[in-house]
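These notes are about the structure you will find just below.
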Amino acid sequence: MEVLFCTSEAFPLVKTGGLGDVCGSLPRALHELGNDVRLILPAYPEVMERAGKLTAVTSLTLTGASEPVEILLGQLPGSEVGLYLVNSPEHFRRPGNPYLQKDGSDWPDNAERFALFARAIVALALGQADTGWKPELVHCNDWQTGLVPALLSEHEARPATLFSIHNLSYQGLFPAATFTALELPDTLWSIDGLEFNNMLCFLKGGIANADWVTTVSPSYAEEICTSEFGYGLEGLLQYRSANLTGILNGMDKQTWNPGSDPHIERGYDVHSLQHKVVNKFALQREQGLPVGSQPLLLGHIGRLVEQKGVDLILDSLDALFQHPIQMVILGSGDHELEQRLMDAADRYPEQLAVHIGYDEQLAHRIEAGADCLLIPSRYEPCGLNQMYSMAYGTIPIAHRTGGLADSIVDLDKQSERDYTATGFIFDEDSPQAILKTCLRALTHFQTRRIDWWKLVITGMKKDFSWSKSAAQYLELYQRVCNNTQTQASIAADSEHKTMPSQAVSV
Ligand code: ADP
């Protein structure tokens with residue numbers, strides 16, 4: 001199949017979180033299954049630096065750009081996946097985070113930037129940008145590409161569209177006046193289109209208009225249809241539920257492999273687990289914590305936002321640190337949370353190390369060095385850290401929600417007996433639940449070392465490879481393309497009946 005895969009980030013070119021990981025590895029896995037999948041990304045400076053050889057395909061005159069927009073073609077580094085870049089310096093040539101300014105606030109022209117991106121994608125999808133290539137299906141990801149299915153729905157001869165929700169709480173909401181300023185077609189301003197509580201909602205454009213909607217785990221697909229997790233879009237999602245599928249993300253086993261990871265102190269696998277502790281000692285040493293195998297070393301990696309439950313960790317620390325527990329936290333985000341974490345690290349220098357910032361290498365060193373990874377997310381569409389941690393023999397301690405619930409098996413009598421347990425799960429998102437579950441893990445760690453290693457090995461042997469999930473996407477792509485063709489030919493037939501002289505191309 002020919003698939004245009006549209007995203008605002010993809011590892012190793014640009015990544016702020018799980019979206020980047022997924023969009024860097026799913027296209028590769030689809031390519032390995034024999035498909036011509038091409039990524040399209042904005043040409044941010046770091047992407048231009050890392051992309052390697054690029055050739056100009058065309059130059060487009062697009063609404064919202066004062067200069068012609070160049071479309072470049074290259075390859076996703078380390079793969080044969082095609083890569084289109086949308087080069088509009090006035091929109092994308094700026095340093096740092098793709099969505100945020102240095103002070104953490106959104107770029108004020110994000111609506112203009114991602115509307116322009118969507119218009120370039122539409123041109124490519126309709127075969128107007130690269131005369132040598134036209135996709136059968138356009139796969140869009142998150143709000144930054146939400147306008148694409150909406151704009152394509154205005155065209156009869158269009159490819160099929162699929163929209164993936166990686167996190168429903170990021171909706172791309174802008175004032176109603178932005179709709180007019182962006183010169184979007186009037187037909188799209190309706191309750192079935194882009195209007196949401198009298199705001200312009202990019203995400204809704206994808207959910208309402210795509211031929212199919214997916215999200216990144218089966219549990220999250222159910223959760224977002226409820227008022228608790230639906231952020232006001234639950235009605236629309238229930239309406240679309242016949243065309244809504246949850247597919248659990250996979251993980252990139254090349255990048256996240258303790259046997260060949262260049263970032264960690266000492267490589268290991270299930271047969272050389274004695275080397276894992278070398279990584280623990282290295283992590284303790286470099287983070288300024290007392291070195292030793294006795295304390296249970298917890299890691300936490302992630303964006304410091306309410307979703308991830310970092311405030312719950314903070315509220316559990318006084319009680320947790322009454323016990324032989326150490327913690328290393330890596331993250332950046334909310335400035336108040338950053339400050340609270342640094343204050344806590346000052347109070348507990350022997351037990352808590354906090355690293356504020358984005359550090360890919362340290363993320364790998366924590367995955368390898370920690371005994372457990374603490375993931376108390378209030379909600380988690382899929383979550384990748386728990387998969388990485390299991391691959392590294394680091395036991396996840398997590399809240400039972402979304403993809404965490406779908407990928408971790410809680411240790412209980414049954415799962416212990418049949419060797420399926422891979423972690424410790426708690427049901428309530430509270431500091432008390434975190435404390436109780438960490439102590440459950442600590443007791444297991446201190447008193448049942450052989451059983452601990454069983455947990456470690458079961459997790460390391462789990463198959464979270466992309467090939468399984470990619471095959472599910474492919475099946476869905478084929479189904480969506482067949483449906484879209486059938487619908488289009490029904491529409492064409494009825495038009496022939498009413499307007500026999502007008503040719504309709506599909
Ligand atoms: P989300 O997409 O909500 O941020 P995921 O668990 O799906 O959460 O993916 C997070 C990804 O981003 C993981 O690869 C994680 O290691 C990485 N990550 C998050 N914060 C940081 C950070 N401060 N430094 C390095 N990597 C980070």
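First listed ligand is number 1; within each ligand, the first listed atom is number 1. Nothing here was measured: the structure is a model prediction, and the numbers come from that model.
The closest protein non-hydrogen atom to atom 4 (O) of ligand 1 is R303 NE, 2.8 Å. Protein heavy atom at the shortest distance from atom 8 (O) of ligand 1 is K308 NZ, 3.1 Å. When hydrogens are left out, the protein atom nearest atom 24 (N) of ligand 1 is D359 N, 3.0 Å; that is the closest non-hydrogen contact.
For the residue pair H166/D142, the side-chain donor-acceptor check at 3.5 Å is not satisfied. A donor-acceptor contact closer than 3.5 angstrom links the side chains of S465 and S467.
Other residues, nucleotides and ligands place more than 12 heavy atoms under 6.0 Å from the CD atom of Q101. For R479, the CZ atom counts as loosely surrounded, since its 6.0 Å shell holds 12 or fewer non-hydrogen atoms of other residues, nucleotides or ligands. The environment of E112 atom CD is dense: over 12 non-hydrogen atoms of other residues, nucleotides or ligands sit within 6.0 angstrom. A 6.0 Å sphere centred on NZ of K436 holds no more than 12 heavy atoms belonging to other residues, nucleotides or ligands. A 6.0 Å sphere centred on CD of Q274 holds more than 12 heavy atoms belonging to other residues, nucleotides or ligands.
Proximity of Q386 to ligand 1 is not established, as no heavy-atom distance is less than 4.0 Å. Using a 4.0 angstrom heavy-atom cutoff, K15 counts as in contact with ligand 1. At a 4.0 Å cut-off, not a single heavy atom of S377 sits close enough to ligand 1 to count as contact. Every heavy atom of F11 sits 4.0 Å or more from the atoms of ligand 1. Judged by the shortest distance from any of its heavy atoms, C382 lies outside the 4.0 Å radius around the atoms of ligand 1.
When the options W143, Y170, F174 are evaluated for a ring pair (Phe, Tyr, Trp, His ring centres under 6.0 Å) with F114, the one that passes is W143.
Checking N385, V22, L404, L384 against atom 7 (O) of ligand 1, the nearest heavy atom belongs to L384. Closest heavy-atom approach to atom 23 (N) of ligand 1 within the set S332, G357, G17: this belongs to G357. The heavy atom nearest to atom 27 (C) of ligand 1, considering only Y388, Y358, W256, is found in Y358.
Distances below 4.0 Å separate heavy atoms of G302 from the following atoms of ligand 1: 19 (C), 20 (N). In the vicinity of D21, heavy-atom distances shorter than 4.0 Å reach the ligand 1 atoms 11 (C), 13 (C), 14 (O). Listed by number with element, the atoms of ligand 1 under 4.0 Å from a non-hydrogen atom of G18 are 1 (P), 2 (O), 4 (O), 7 (O), 9 (O), 10 (C), 11 (C).
Within the 4.0 Å heavy-atom criterion, neither part of H166 lies near ligand 1.
Under the 6.0 Å distance and 45° angle rule, R94 counts as a cation-pi partner of W107.
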_Could you walk me through whether K204 and Q171 satisfy the side-chain contact (heavy atoms from CB on, under 4.5 Å) test, starting with their C-alpha distance in whole Å, then the side-chain angles of each, then the deciding distance to 0.1 Å, before giving a yes or no?_
CA-CA 7 Å; K204 191 174 168 191; Q171 301 185 336; over 6 Å; no

